[in-house]
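Keep in mind that this is a model prediction, so the values were computed, not measured. First listed ligand is number 1; within each ligand, the first listed atom is number 1.
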Amino acid sequence: MSDAIRPQPGIMDIALYVSGESHVAGKTEILKLSSNENPHGPSDRAKAAFAGAAGNLHRYPNTDHGPLRRAIAGVHGLDPDRIICGVGSDEVLQFITQCYAGPGDEVITTRHGFSMYPILAHAAGALPVEVPETDRRVDVDAILAAVSDHTRLVFIANPANPTGTMLTEGELRRLIEGLPPYVLFVHDGAYTEFAEGFDGGAALVDAYPNVIMTRTFSKIYGLGGLRIGWGYAQREVIDVLNRVRQPFNLSQAQMEAAEAAVRDIDYTRWCQDENARWRDWLRNALVQMGVGCDESFANFLLARFDTADEAAACDAALKADGIIVRRTAGYHLPECLRITVGDEAACRRVVDVIGRFKGVR
Ligand SMILES: *Cc1c(COP(=O)(O)O)cnc(C)c1O
């Protein structure tokens, strides 16, 4: 290969994203609990809207996402002019990084933070700076201590993935107020809906000029396969992001399915209740079997074993039963497994297998 053709700085530093596995060799009856998907799937109204869009596939989609932005704004009590929609929240996170970080800049991420953040930082030519967490929780002081003249962005997911832990509103305010005005704080709210009564950081966006919240249709709305997410920030920030957004980034089918999903408030509420109920049940069962487990504010639990070897052996036992969970060694948590909260039958199956593995069933 010719040396003359060289990728931009940072590109070759990217370690490819590893997604949740979905197959086990020799197994057909798979229970996939590795990607935090909604076990009940999307709202029937979302499916109908998606099917209904099939008649217009020859038409270009609307470029400003107006109807979807207004639906999101109406349901969440936000200003539709301060919302941007993307191909998953991943695309919104990409717009943010592309617009606000480049060569010579630093992007702060945390020890167990979502693996897309360093990928996006490198893709923009910026340097990801990883700071420690304390007992699997984001540490506000560690972030503030890492801020330099070169820092441009701070990324956290709250509730966090893969730990499931969450910062309080007081901690978030202390973090934001401690950041210099030239640093944009990115509050990734992919799991907002699973944290009872949480607004995902919308009030913080309204209160401070340097905060952006991202949200997704991939988790509670059960539309991970369709790729839709959104962000909410001050108007000036949204105007910047829209400059790098492709005009036709979302198809009409994506927008119409998402609009129907966000308007189906009863279904969303039911999914929240089911998740909370089985998350509590599963956590209690794990703890009773001697598996460590922090309180989770999301739709998964981080099961903590005594050693990395024990976690690997439990993963193998689950796989032998056709259950796929997520290994978290890549998140500096080799002794843990992240388990998506499934439906009742799924949770019972997981407890059965782990119980036999631990010799308590
Ligand atoms: C799942 C997830 C997302 C959502 O990504 P999409 O691109 O919207 O599917 C974002 N952030 C975190 C931390 C996640 O776990």
Side-chain angles (χ1 to χ4, degrees), residues 17-22 32-39 41-42 46 65 68 72 83-98 107-121 123 128 130 133 136-138 153-167 185-195 198 200-201 212-232 241 245 249-251 254-255 257-258 261-262 271 275 296-302 325-328 330-331 333 336 338-341:
Y17 182 82
V18 182
S19 73
E21 293 176 89
S22 52
K32 183 175 182 238
L33 301 175
S34 55
S35 298
N36 302 338
E37 294 150 344
N38 183 334
H65 310 152
L68 175 56
I72 292 168
I83 291 174
I84 184 169
C85 300
V87 179
S89 47
D90 282 353
E91 193 187 36
V92 180
L93 296 168
Q94 183 186 336
F95 296 155
I96 295 166
T97 319
Q98 181 184 350
V107 172
I108 295 181
T109 66
T110 65
R111 178 90 174 142
H112 311 302
F114 187 41
S115 58
M116 278 305 294
Y117 309 148
I119 291 177
L120 294 169
E130 183 190 287
E133 298 194 15
R136 299 166 301 281
R137 274 184 100 239
V138 167
L153 296 168
V154 172
F155 279 109
I156 72 162
N158 192 50
N161 173 18
T163 57
T165 59
M166 203 176 165
L167 294 185
F185 173 59
V186 185
H187 185 277
D188 177 341
Y191 299 97
T192 296
E193 296 84 357
F194 302 106
F198 185 46
I212 181 163
M213 155 178 100
T214 59
R215 302 281 290 269
T216 185
F217 282 89
S218 301
K219 304 286 158 56
I220 192 123
Y221 294 107
L223 291 172
L226 210 48
R227 316 299 308 126
I228 313 132
W230 54 282
Y232 179 64
L241 302 183
R245 179 177 69 79
N249 65 328
L250 288 186
S251 68
Q254 281 170 299
M255 290 187 272
V262 75
C271 292
N275 178 71
S296 165
F297 297 88
N299 65 340
F300 54 83
L301 291 167
L302 188 69
V325 300
R326 186 67 163 260
R327 298 289 301 274
T328 49
Y331 290 88
L333 293 163
C336 298
R338 192 194 68 191
I339 307 173
T340 302
V341 177

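Every pair passing side-chain hydrogen bond (donor to acceptor under 3.5 Å, both in side chains) that includes a residue from residues 215-229 is listed here, sequence neighbours excluded: Y191-K219, E193-R215, T216-S218, S218-R227.
In terms of protein heavy-atom proximity, atom 7 (O) of ligand 1 is closest to R227 NH2, 2.7 Å. The protein atom (non-hydrogen) at minimum distance from atom 1 (C) of ligand 1 is K219 NZ, 1.2 Å. Of all protein heavy atoms, the one closest to atom 4 (C) of ligand 1 is S89 OG, 3.3 Å. Nearest protein heavy-atom contact of atom 11 (N) of ligand 1 is D188 OD2, 2.6 Å.
In this structure, S218 has a heavy atom closer than 4.0 Å to ligand 1. Under a 4.0 Å heavy-atom criterion, N36 is not in contact with ligand 1.
The closest side-chain donor-acceptor pair between E21 and S34, if any, does not fall under 3.5 angstrom. For the residue pair S115 / Y331, a side-chain donor-acceptor distance below 3.5 Å is found, with atom types taken as modelled. In this model, a donor atom of one side chain and an acceptor atom of the other lie less than 3.5 Å apart for N161 and R338.
The distance from ligand 1 to the heavy atoms of N161 drops below 4.0 Å at these ligand atoms: 13 (C), 14 (C), 15 (O). Below 4.0 Å from some heavy atom of G88 lie the following atoms of ligand 1, by number and element: 6 (P), 7 (O), 8 (O). The distance from ligand 1 to the heavy atoms of A157 drops below 4.0 Å at these ligand atoms: 13 (C). Taking every non-hydrogen atom of A190 and a distance limit under 4.0 Å, the qualifying atoms of ligand 1 come out as 2 (C), 3 (C), 10 (C), 11 (N), 12 (C), 14 (C).
For atom 15 (O) of ligand 1, the candidate residues are Y191, F114, W230, F300; the nearest heavy-atom contact is made by Y191.
Ring orientation note: the planes of Y117 and F155 are close to parallel, at an angle under 30° on the 30°/60° scale.
Distance check: Q98 CD to E91 CD gives 9.5 Å after rounding to the nearest 0.5 Å.
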Step-by-step side-chain contact (heavy atoms from CB on, under 4.5 Å) determination, F297 to N158:
CA-CA 9 Å; F297 297 88; N158 192 50; over 6 Å; no
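For ligand 1, the polar-atom distance check against Y117 finds no nitrogen or oxygen pair separated by under 3.5 Å.
Of all heavy-atom pairs spanning R137 and L167, the tightest one is NH2-CA, 3.7 Å.
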